[in-house]
Amino acid sequence: MDKVIKALEKNGFKASFFNNQQDAKKMLLNEISKDESVGIGGSITILDMGVYEDLVERGNPTYWHWKAEDKKAALEKATTTDIYITSSNAVTEDGKLVNKDGTGNRVASMIFGHKKVFVVVGKNKISKDVDGAFERIETIAAPLNAKRLNLTTPCVYTGVCSDCDSKDRICKAETILSKNPNGTSIHVCIIDEDMGY
């Protein structure tokens, strides 16, 4: 993990390691002031941590389409918040963030528009390199997410991406953050637990 943390820092990201998700959540709540608005990108990791509920309970204006009746409005509001919290499909050992998105809101908000971005990942998302990261996405993250969403993409049945043309396809935007983008402060939080897809 030291190697990954150092590589992320070399690439301009802030990076921290946590023994468990409770410690990571405590840090997030300490780093986010009570008057800052928060957007959240689709993430099983963030869902399992219960961060949304804590932020709402203490009064932070918090927007997450997974928790909203008006999903479109929540997606739009989340793009202009002070803080953005999400996860990444993979983090490489040389400090890159690799993702595939269906809508693009998550990857767009990781790159631009917020004062601070927190990317929370479990140790299971560490990949050797970019090729390994895409392999992880295509054999783990994408099939499991498509299944969770009750879609009918081929990967739901085969467990492997086939670069399909399905109307339900969720892999439409690929991003590799090689360095921390200008004007954005990304804090990558690695947790010593298997979390999310």
Side-chain angles (χ1 to χ4, degrees), residues 1-68 74-75 77-78 81-93 95-99 101 105-107 109-111 114-128 132-133 136-137 140-142 144-145 147-149 177 180 184-197:
M1 288 300 173
D2 283 346
K3 176 183 176 183
V4 178
I5 295 291
K6 287 176 182 176
L8 287 163
E9 290 174 342
K10 182 181 178 185
N11 290 339
F13 302 103
K14 184 173 181 181
S16 301
F17 177 75
F18 300 90
N19 290 321
N20 54 64
Q21 60 182 285
Q22 291 79 16
D23 288 348
K25 181 163 78 165
K26 183 177 179 181
M27 181 280 298
L28 286 172
L29 295 172
N30 285 337
E31 288 285 317
I32 300 168
S33 68
K34 293 180 181 179
D35 61 343
E36 287 179 310
S37 58
V38 182
I40 299 177
S43 165
I44 293 294
T45 298
I46 304 305
L47 180 70
D48 289 346
M49 289 176 69
V51 175
Y52 172 84
E53 289 77 11
D54 289 330
L55 289 166
V56 169
E57 185 177 328
R58 76 177 193 182
N60 287 86
T62 306
Y63 307 100
W64 192 6
H65 62 290
W66 281 17
K67 298 283 188 175
L75 280 167
K77 288 178 180 178
T81 54
D82 300 312
I83 308 296
Y84 196 75
I85 304 172
T86 192
S87 190
S88 184
N89 295 132
V91 177
T92 65
E93 290 181 2
K96 296 180 175 71
L97 307 182
V98 183
N99 291 282
D101 241 20
N105 61 298
R106 179 177 63 109
V107 295
S109 281
M110 288 171 75
I111 297 168
H114 306 275
K115 290 193 302 186
K116 291 181 185 175
V117 175
F118 294 95
V119 178
V120 184
V121 296
K123 65 180 180 181
N124 53 311
K125 294 188 176 183
I126 304 299
S127 300
K128 180 171 178 52
R136 181 187 189 286
I137 294 167
I140 299 173
L144 288 176
N145 273 306
K147 188 174 184 179
R148 173 182 61 82
L149 294 167
L177 297 189
N180 188 87
T184 302
S185 174
I186 299 177
H187 186 167
V188 182
C189 308
I190 299 176
I191 299 173
D192 194 20
E193 297 178 15
D194 288 348
M195 298 189 69
Y197 306 149

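The model shown is predicted, which means the values in this text are computed figures rather than measured ones.
Between the side chains of R136 and N89, no donor N or O sits under 3.5 Å from an acceptor N or O. With 3.5 Å as the limit, one finds a donor-acceptor pair spanning the side chains of K125 and S87.
With hydrogens and angles ignored, the 3.5 Å screen pairs no side-chain donor or acceptor of N60 with any backbone N or O of V56. Under a 3.5 Å cut-off, the side chain of N11 and the backbone N or O of F13 do not form any donor-acceptor pair. No side-chain donor-acceptor contact under 3.5 Å links D82 to the backbone of E36. Checked by atom type and distance alone, the side chain of T45 never pairs as donor or acceptor with a backbone atom of S43 at under 3.5 Å. The backbone N or O of R106 sits less than 3.5 Å from a side-chain atom of D101, completing a donor-acceptor pair. Counting only distance, with no hydrogens or angles, the side chain of H65 and the backbone of A74 share no donor-acceptor pair below 3.5 Å. Not one N or O on the side chain of T81 forms a donor-acceptor pair closer than 3.5 Å with the backbone of V38. Between the N30 side chain and the K26 main chain, a donor and an acceptor come within less than 3.5 Å of each other. The main-chain N or O of R58 is never found under 3.5 Å from a side-chain atom of D54 such that the two would form a donor-acceptor pair.
Looking at I111 and T184, their side chains never come closer than 4.5 Å, going by heavy atoms from C-beta outward. Between Y52 and I46, every side-chain heavy-atom pair lies at or beyond the 4.5 Å cut-off. Side-chain atoms of L47 and K67, non-hydrogen and from C-beta on, do get closer than 4.5 Å to each other. Using a 4.5 Å heavy-atom threshold, the side chains of I191 and V121 count as separate.
Across E9 and A15, no two heavy atoms sit closer than the pair OE2-O, 3.7 Å. S185 and N180 get closest at one heavy-atom pair: C-OD1, 4.1 Å. Considering all non-hydrogen atoms of both residues, S33 and D35 come closest at OG-OD1, 2.6 Å. Across every non-hydrogen atom of S16 and H187, the tightest pair is OG-NE2, 2.7 Å. Y84 approaches G41 most closely through the heavy-atom pair OH-CA, 3.0 Å. Contact between A90 and S127 at its shortest, heavy atoms only, is CB-OG, 3.8 Å.
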Begin from the C-alpha positions of I44 and M195 and carry the test side-chain contact (heavy atoms from CB on, under 4.5 Å) through to its verdict. CA-CA 8 Å; I44 293 294; M195 298 189 69; over 6 Å; no
Derivation and outcome, side-chain contact (heavy atoms from CB on, under 4.5 Å), residues K14 and V188: CA-CA 6 Å; K14 184 173 181 181; V188 182; over 6 Å; no
Taking it one step at a time, do H114 and S109 satisfy side chain to side chain donor-acceptor pair (under 3.5 Å)? CA-CA 7 Å; H114 306 275; S109 281; 3.1 Å; yes
For K123 and E193, run salt bridge (charged side-chain N to carboxylate O under 4.0 Å, His left out): C-alpha distance rounded to whole Å, both residues' side-chain angles, the deciding distance at 0.1 Å, then the answer. CA-CA 6 Å; K123 65 180 180 181; E193 297 178 15; over 6 Å; no
side-chain contact (heavy atoms from CB on, under 4.5 Å) between I85 and I32, intermediate numbers included: CA-CA 11 Å; I85 304 172; I32 300 168; 3.8 Å; yes
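Atom CE in M110 sits 11.5 Å away from atom CG in N105 (nearest 0.5 Å). Here the CD1 atom belonging to I40 is positioned 6.0 Å from the CG atom belonging to L55, to the nearest 0.5 angstrom. Separating the CG atom in D192 from the CG atom in N124 is a distance of 10.5 Å, to the nearest 0.5 Å. Distance CD1/I186 to CG/L8: 10.0 Å, rounded to 0.5 Å. Put simply, CE on M49 and CG on L28 are 5.5 Å apart, with the number rounded to the nearest 0.5 Å. The CG atom of D23 sits 10.5 Å away from atom CZ of F17, with the distance rounded to the nearest 0.5 Å.
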